[in-house]
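Whatever order the structure lists ligands and atoms in, that order sets their numbers, starting from 1. None of these values were measured; they are calculated from a predicted model. When reading the values below, keep in mind they use all heavy atoms of this one structure, side chains included, and skip hydrogens, waters and symmetry mates.
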Amino acid sequence: MAITHWATTRTEEQLVSDAKKLFTATYDEEPTGVWAAPGRVNLIGDHVDYAEGICLPFALEQLTAVAASGRNDNLVNIVTIMPGQEEPRTLSISLDEVGKGNPATWAGYIVGVIWALNSANALVCKTGLDLAVVSDVPVGSGLSSSAALECSTALAAVEVKGASFKKMAMYPVMVEATMRAENDVVGASTGGLDQRTSFYGKPNQALEIDFLYDEFSFVPCNFDDHGLALLIADTNAPHRLIDGQYGSRRGLIDEVTAVLRKEDSTFRDYKVDQILEKLAKTPECSDHDLYRRRVGHIINETRRTQQAVTLLREGDFTKFGKLMTESHVSLRDDYEVVTPELDGAVNAALSAGALGARMTGGGFGGSIIALVKKEDLESTAAAIAEAAETRGFAEPTFLHAKPSEGARRLV
Ligand code: ADP
Ligand code: MG
């Protein structure tokens, strides 16, 4: 029997203590405070955030915590211990050096946020910070450790440096700044789902985010009350959004969006065939079958997500699970972002009796989710681990995902 590895989840108190310890060991003084933001998991609605679609994520219990103090010069000093690692990484950079494409490394997610907040005139005091970061959000697993890092940094910067806007107005400004850090500074063209969820998450609630109207609402989501659990299996196959695959999917959809915008319409106004008719007139659309599958995913996934929201509200988890699995098939066959590791894990979960299972996040590696009976949580994890071992894949890591609170100050 393969061993199942569960991700470390520290209590808030442990995270605060670890963040403070790292801060004082590095900077030789106590931090002003400790702020935190969670990773997120998307229940359904993937690769539609950049296509005016709908997604249904919730904030995870697992947090990235940032201990912070202000500085009077332009330096940002960072020390971070990544989940599962012991050796800290450090970097010291002047805010004058930060801008588009620089630094396009892990530090860009942090200093990019401060730079973007300054560009938006959101901070009263535009100088640097000392930061110490500890995290339980698995990195590069499709659970958005990047947003957890950006959102905790944004909140820390705003509270340490002073906010130029009223509290409620700060949230949209922070969402924008965290997106700019990711899009402009690091150069990852992601669409804003992650940051909204990390900021706005609530216990026992999922967020229905509608990217056409740029609005969201809460949907009650408490699997536990219904004898169910959401299992995340991180395949530990690296997910690389910065390589060309994400860009090529997005590029095609952006092209179609531009055609639709010319006549002031959206993906939601048409069936696939109607869009293909419009595209037939454009020189770019030479590979008809490719466009049919890619556009088909966008249209069907948004419709599925709308249905899933209704089913979640009604508590019909059998049908909800079926939609999860349909979504996986669409991402595999039409959008082609599913790796053998992801597909193997989904099949293992379904064979073990899951109500539904799918890859989650950007794909090309990362995690799957499976909706299972509470008592089947361990055995489903064991079945997934077993299947990975049989095929010679990396050992997966598991999390029991519970809808939790968004970004906040811990102390
Ligand atoms: P995901 O957001 O799904 O975890 P991404 O590729 O978007 O995957 O973001 C992962 C990257 O974010 C890491 O490779 C690293 O550069 C950065 N990152 C995430 N968490 C941390 C952390 N705690 N400390 C430093 N960098 C981090
Ligand atoms: Mg990310």
Quick one: are the ring centres of F317 and H226 less than 6.0 Å apart?
yes
Heteroatom proximity flag, [X] to ligand 1, N/O under 3.5 Å:
| X | result |
| --- | --- |
| I81 | no |
| L149 | no |
| T105 | no |

Compare D234, V79, T360, V139 and give the one whose heavy atom is closest to atom 13 (C) of ligand 1.
V139
Is it true that [Y] and [X] share a donor-acceptor pair across their side chains at a distance under 3.5 Å?
| X | Y | result |
| --- | --- | --- |
| N121 | K126 | yes |
| N77 | S92 | yes |
| Q62 | T9 | yes |

[X]: numbered ligand 1 atoms lying under 4.0 Å from its heavy atoms:
| X | value |
| --- | --- |
| L143 | 3 (O) |
| G142 | 3 (O) |
| S146 | 2 (O), 7 (O), 9 (O) |

Looking at ligand 1, does [X] have a heavy atom less than 4.0 Å from it?
| X | answer |
| --- | --- |
| A188 | no |
| T64 | no |
| G140 | yes |

Test your reading of the model: is there a side-chain donor-acceptor pair from S330 to the backbone of E326, 3.5 Å cut-off?
no
Using side chain to side chain contact (heavy atoms under 4.5 Å, CB included) as the criterion, point out the one residue from D194, D49, T360, I209 that pairs with P57.
I209
S135 and ligand 1 - part of the residue with a heavy-atom distance under 4.0 Å:
side chain
Part of V134 with heavy atoms under 4.0 Å of ligand 1, whether side chain, backbone, both or neither
neither
Presence of N, O or S from S146 under 2.8 Å of the Mg ion (ligand 2)
yes
